[in-house]
Amino acid sequence: MAECLFCKIVNGELSSDIVYDDETVIAFKDINPQAPHHILIIPKKHIASVSEVSAEDEPLLGHLCGVAARLAEKIGVAEAGYRLVVNSGPHGGQAVAHLHVHLLAGRQLTWPPG
Ligand code: AMP
Ligand code: ZN
């Protein structure tokens with residue numbers, strides 16, 4: 001997707017602070033962090049939102065969660081806790097139409113979200 005912001009990060013057209021990279025997934029620091037740790041974990045393949053996930057992509061979603069959990073371990077927040085968020089569509093507050101998992105950590109997060 002030529003105009004997709006996160007596809008541009010995947011193909012290196014746009015720089016980002018990448019903290020994890022494998023064959024199917026990358027993770028990078030959110031440009032506007034909402035917590036002391038705020039990382040976005042995304043599939044390299046363009047999938048617009050969780051609503052667009054096909055059956056064949058479902059294992060990839062599991063991989064996104066696995067990567068998130070291992071990153072939480074690596075940055076030392078697994079024990080204190082963290083939050084994974086996937087916004088979908090306008091009411092979900094999704095601003096970038098490329099599926100991404102937010103990893104938020106490093107402070108007490110409140111519930112419910114706004
Ligand atoms: P969402 O509202 O769930 O679509 O989240 C999009 C997230 O992408 C927001 O937290 C933004 O701060 C973040 N973001 C937007 N552009 C960039 C960028 N160039 N590099 C890193 N994070 C970004
Ligand atoms: Zn994309």
Side-chain angles (χ1 to χ4, degrees):
M1 289 286 282
E3 291 312 311
C4 172
L5 193 68
F6 287 178
C7 282
K8 285 183 179 170
I9 288 177
V10 169
N11 66 32
E13 256 180 86
L14 200 64
S15 70
S16 65
D17 194 346
I18 293 174
V19 296
Y20 177 85
D21 187 354
D22 72 19
E23 223 172 88
T24 56
V25 165
I26 65 166
F28 51 92
K29 291 187 182 173
D30 196 291
I31 205 168
N32 183 23
Q34 301 301 310
H37 297 282
H38 189 171
I39 294 170
L40 300 175
I41 303 110
I42 74 167
K44 288 186 172 176
K45 173 182 180 179
H46 181 86
I47 301 171
S49 77
V50 77
S51 299
E52 303 294 320
V53 170
S54 64
E56 71 167 20
D57 289 330
E58 285 182 10
L60 183 55
L61 256 70
H63 184 49
L64 289 176
C65 286
V67 168
R70 286 191 290 280
L71 279 171
E73 196 71 54
K74 187 179 162 197
I75 64 176
V77 300
E79 199 175 327
Y82 55 91
R83 185 171 295 168
L84 302 182
V85 175
V86 180
N87 296 322
S88 186
H91 276 189
Q94 184 179 11
V96 178
H98 182 129
L99 177 61
H100 49 282
V101 176
H102 296 257
L103 167 59
L104 295 148
R107 67 172 170 85
Q108 180 62 59
L109 298 165
T110 58
W111 193 264

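By convention here, the first residue in the shown sequence is residue 1. Remember, it's 1-based here, ligands and their atoms both numbered in the order they're listed.
Within the 4.0 Å heavy-atom cutoff, Q34 does not count among the residues contacting ligand 1. Contact annotation: S16 has no heavy atom less than 4.0 Å from any atom of ligand 1.
Close approach of ligand 1 to K29 (heavy-atom distance below 4.0 Å) involves ligand atoms 21 (C). Near L5, meaning under 4.0 Å from one of its heavy atoms, ligand 1 places the atoms 15 (C), 16 (N). Within the listing of ligand 1, atoms 1 (P), 3 (O), 5 (O), 7 (C), 10 (O) sit less than 4.0 angstrom from a heavy atom of H102. Near N87, meaning under 4.0 Å from any of its heavy atoms, are these atoms of ligand 1: 1 (P), 2 (O), 3 (O). Those atoms of ligand 1 with a heavy atom of F6 less than 4.0 angstrom away are 8 (O). In summary, the atoms of ligand 1 found under 4.0 Å from a heavy atom of N32, numbered by their order in the structure, are 12 (O).
Under the 6.0 Å cut-off for aromatic ring centres, H100 and H98 do not qualify, their centroids lying 6.0 Å or more apart.
Around the Zn ion (ligand 2), the angle linking C4 (SG) with H98 (ND1) is 110°, rounded to 10 degrees.
Taking distance alone, with nitrogen or oxygen atoms compared against 3.5 Å, Q94 stays at or beyond that limit from ligand 1. At under 3.5 Å, a nitrogen or oxygen of H100, whether backbone or side chain, sits near a nitrogen or oxygen of ligand 1.
The distance from atom CD1 of I31 to atom CG of L5, rounded to the nearest 0.5 Å, is 8.0 Å. To the nearest 0.5 angstrom, F6 atom CZ is 9.5 Å from L14 atom CG.
Of the residues D22, N11, D21, T24, the one that meets the side-chain hydrogen bond (donor to acceptor under 3.5 Å, both in side chains) test with K44 is D21. Tested against H102, the residues D30, V86, L84 include a single side-chain contact (heavy atoms from CB on, under 4.5 Å) partner, D30.
The name of the N, O or S atom in H46 nearest to the Zn ion (ligand 2) is ND1.
If you check each of A95, A97, S15 against atom 4 (O) of ligand 1, the one with the closest non-hydrogen atom is A95.
Tracing side-chain contacts under 4.5 Å through hydrophobic residues (I, L, V, M, F, W, Y), one never reaches L104 starting from V101; they form parts of separate clusters. Both L99 and L71 belong to a common hydrophobic cluster when Ile, Leu, Val, Met, Phe, Trp and Tyr are linked at side-chain heavy-atom distances under 4.5 angstrom.
Summarising the local packing, CD of E52 is surrounded by more than 12 heavy atoms from other residues, nucleotides or ligands at distances under 6.0 Å.
In terms of protein heavy-atom proximity, atom 10 (O) of ligand 1 is closest to D30 OD2, 2.5 Å.
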